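Heads up, the thing below is written out as structure tokens.
Keep in mind it's a predicted model, so treat the numbers as computed, not measured. Residues take their numbers from the sequence shown, with the count starting at 1. Start at 1 and go down the list; that is how both ligands and their atoms are numbered.
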Amino acid sequence: MYDVKSMKAEEFINHDEIMESLRYADANKDNVELIDKIIEKAKLRKGLDHREASVLLACDIPEKISEIYNLAEQIKKDFYGNRIVMFAPLYLSNYCVNGCVYCPYHMKNKHIPRKKLTQEEVAKEVTALQDMGHKRLAIEAGEDPVNNPIEYILACIDTIYGIKHKNGAIRRVNVNIAATTVENYRKLKDAGIGTYILFQETYHKESYEKLHPTGPKHDYAYHTEAMDRAMEGGIDDVGLGVLFGLELYRYEYCALLMHAEHLEAVHGVGPHTISVPRIKKADDIDPSAFDNSISDEIFCKIAALIRVAVPYTGMIISTRETESVREEIIRLGVSQISGGSRTSVGGYTEEERPHDTEQFDVSDQRTLDEVVNWLMKSGYIPSFCTACYREGRTGDRFMSLCKSGQILNCCHPNALMTLKEYLMDYASQDTRAVGEKLIETELGKIPNEKVLSICRDNLKKIEEGSRDFRF
Ligand code: SAM
């Protein structure tokens with residue numbers, strides 16, 4: 001039976017409730033009166049429930065879709081302005097004991113070299129990432145209790161936070177590792193992680209079990225209940241995600257929203273972020289072997305509808321996507337992107353992009369500087385801000401900042417100051433020139449005179465060599 005507050009996976013992600021919601025959506029996909037009502041509700045910017053949102057996803061009336069897109073764009077502007085937070089993944093180890101059929105790190109794959117970074121190698125990777133200008137990382141590792149135990153992950157986090165190279169620093173480490181115990185989540189929390197990210201891959205239990213035939217990840221309930229354990233362990237920023245292409249997208253979308261509703265109902269705070277990865281080609285993985293792949297058009301519709309259904313949740317897109325898809329989807333609601341990424345273990349210290357231990361092919365192969373330059377020329381502010389997490393504004397405290405409308409007096413100046421650091425320390429000449437102009441224009445958007453004056457002051461101090469200011 002469906003119960004949003006249940007702690008059992010199959011009750012809060014209830015198959016019958018999803019099927020019933022999809023039937024309801026099918027029955028109402030041309031019901032303009034209802035669709036208009038749902039769109040009106042969405043305009044209040046308080047979100048939609050999984051049934052309402054599923055109706056909009058099923059709807060294919062062009063005028064209604066364009067209304068939804070316009071609304072998504074407007075909500076994105078209201079909550080996130082034109083700031084895009086930048087991050088990079090850091091692959092620590094590709095040792096893995098699972099059998100995920102879509103991932104080249106699966107245990108049976110004998111023709112990729114297995115590699116695990118030593119702490120010296122972690123330091124080198126982090127130095128290289130700092131030299132690119134990154135301040136925020138997402139660490140990634142396969143699941144292997146012998147090779148990558150929690151102690152190894154904790155040691156890596158320690159190393160990462162400890163490297164202060166030139167003006168560089170990694171100020172927020174997000175963690176994308178396999179589902180684990182409350183005790184281990186508590187250790188991650190104590191190590192000072194930002195968001196704990198775990199992709200559900202698919203919410204469809206039967207498919208999930210087939211796609212994860214062996215290894216600890218086979219356990220659907222353990223995986224699906226991981227965010228509850230993470231929150232019990234004290235981590236209040238958690239990141240959800242579906243690997244699109246594995247199952248029918250409408251099923252996944254509905255379940256993803258049910259998961260968000262569950263976290264909100266039980267813990268009082270919804271997911272901090274939602275990621276929308278799509279299956280990519282990789283060593284011994286052919287994406288066409290999965291028949292649920294989605295077109296760019298549907299992908300954008302999903303993104304727009306995530307923006308509309310959960311306005312306060314950040315949305316992440318990686319370099320799995322091409323420049324043109326990223327452009328469209330950023331407009332519709334994405335708030336965080338990776339740039340200059342390498343998805344191989346030890347990839348940042350190699351001159352040429354290595355392919356042998358890559359987790360998947362990277363579509364957007366531009367450097368961070370090129371991505372920053374492109375974003376600014378498209379009217380966005382690349383932000384290297386990590387202030388909320390460092391000021392303890394996580395979980396519901398972050399959500400209240402969003403809801404209080406203080407973003408222009410807080411996130412906006414923070415974005416400009418961190419961009420300024422990037423321009424001073426890492427940008428090419430052209431990027432710097434474009435950035436300086438952008439900062440000058442964007443300062444005009446800060447409503448509070450006092451904040452504006454402090455921000456101008458800090459920008460000057462950054463020019464003189466000081467770093468790390470924040471509101
Ligand atoms: N091993 C951990 C786990 O199981 O959650 C860490 C995650 S893994 C390093 C990061 C994510 O990459 C996976 O959750 C999966 O969604 C995604 N991934 C795996 N194979 C992929 C592929 N061929 N194309 C795109 N994304 C893929």
Side-chain angles (χ1 to χ4, degrees), residues 87-107 109 112 114-117 137-145 147-150 152-153 156 174-180 184-185 188 195-203 207-208 211-220 222-227 229-230 238-247 252 256 273-290 292-294 299 316-322 325 338 341-345 347 355 357-364:
F87 78 99
L90 171 58
Y91 282 76
L92 299 176
S93 166
N94 63 2
Y95 282 94
C96 194
V97 297
N98 285 314
C100 316
V101 302
Y102 49 83
C103 179
Y105 292 173
H106 67 85
M107 196 183 185
N109 189 353
I112 55 162
R114 298 290 167 169
K115 202 168 160 185
K116 166 187 168 183
L117 298 179
L137 300 183
I139 56 173
E140 314 271 342
E143 179 167 14
D144 185 328
N147 287 296
N148 321 327
I150 195 72
Y152 170 70
I153 304 292
C156 292
N174 297 333
V175 174
N176 184 2
I177 60 165
T180 184
N184 285 348
Y185 286 125
L188 288 169
T195 312
Y196 171 65
I197 301 164
L198 180 69
F199 299 159
Q200 177 65 29
E201 322 298 7
T202 175
Y203 283 99
S207 302
Y208 181 96
L211 290 159
H212 307 94
T214 54
K217 194 164 169 178
H218 177 74
D219 188 336
Y220 176 82
Y222 191 73
H223 190 81
T224 312
E225 292 158 11
M227 293 314 191
R229 292 195 301 281
V238 299
L240 304 181
V242 158
L243 185 55
F244 283 102
L246 298 178
E247 245 302 334
E252 304 291 22
L256 181 66
T273 54
I274 290 180
S275 299
V276 286
R278 281 196 285 188
I279 294 194
K280 294 282 305 176
K281 193 183 165 314
D283 182 89
D284 99 338
I285 305 297
D286 173 9
S288 65
F290 302 90
N292 293 309
S293 67
I294 49 172
F299 191 52
I316 303 182
I317 188 100
S318 76
T319 53
R320 288 176 182 85
E321 299 298 334
T322 59
V325 169
S338 47
S341 305
R342 297 209 167 166
T343 64
S344 45
V345 182
H355 293 292
T357 63
E358 242 182 355
Q359 198 199 11
F360 52 81
D361 281 2
V362 168
S363 295
D364 186 342

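Counting only heavy atoms from C-beta outward, the side chains of N148 and I177 never approach each other to under 4.5 Å. Residues K281 and P287 form a side-chain contact, since some pair of their non-hydrogen atoms from C-beta on lies under 4.5 Å apart. Side-chain contact between T202 and Y220 is absent, with no heavy atoms from C-beta onward closer than 4.5 Å.
Both the sub-6.0 Å distance and the 45° axial angle are satisfied by R229 relative to the ring of Y222.
Residue-ligand proximity, I279 to ligand 1, at heavy-atom distances under 4.0 Å covers atoms 24 (N), 25 (C). In the vicinity of L198, heavy-atom distances shorter than 4.0 Å reach the ligand 1 atoms 5 (O).
With a heavy-atom cut-off of 4.0 Å, C103 touches ligand 1 through backbone and side chain alike. For A179, no heavy-atom contact with ligand 1 is shorter than 4.0 Å. Counting heavy atoms under 4.0 Å from ligand 1, residue L243 touches it through the side chain alone.
In this structure, the ring of H212 has its center less than 6.0 angstrom from the ring center of Y102.
Rounded to the nearest 0.5 Å, atoms CG (L240) and CZ (F199) are 10.0 Å apart.
Ranking protein heavy atoms by distance to atom 7 (C) of ligand 1, first place goes to N176 OD1, 3.5 Å. Scanning all protein heavy atoms for the shortest distance to atom 14 (O) of ligand 1 gives E201 OE2, 2.5 Å. Of the protein's non-hydrogen atoms, the one nearest atom 8 (S) of ligand 1 is Q359 NE2, 3.4 Å. Among all protein heavy atoms, the one lying closest to atom 11 (C) of ligand 1 is F199 CD1, 3.8 Å.
Heavy atoms of A178 approach ligand 1 to within less than 4.0 angstrom. Under the 4.0 angstrom criterion for non-hydrogen atoms, R278 is in contact with ligand 1. At least one heavy atom of A141 lies less than 4.0 angstrom from ligand 1.
Here the shortest heavy-atom distance to atom 4 (O) of ligand 1, taken over K217, E140, E143, belongs to K217. Of the listed options Y102, F360, F290, Y102 places a heavy atom closest to atom 23 (N) of ligand 1. Comparing K280, R320, H106, E358 by heavy-atom distance to atom 17 (C) of ligand 1, the nearest is R320.
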Practice problem: Decide side-chain hydrogen bond (donor to acceptor under 3.5 Å, both in side chains) for S318 and R320; before the verdict, give the C-alpha distance in whole Å, the side-chain angles of both, and the deciding distance to 0.1 Å. | Solution: CA-CA 5 Å; S318 76; R320 288 176 182 85; 3.0 Å; yes

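Screening E143, E201, H223 against K217 for a side-chain hydrogen bond (donor to acceptor under 3.5 Å, both in side chains) leaves a single residue, E201.
Side-chain atoms of E140 and N176 include a donor-acceptor pair closer than 3.5 Å.
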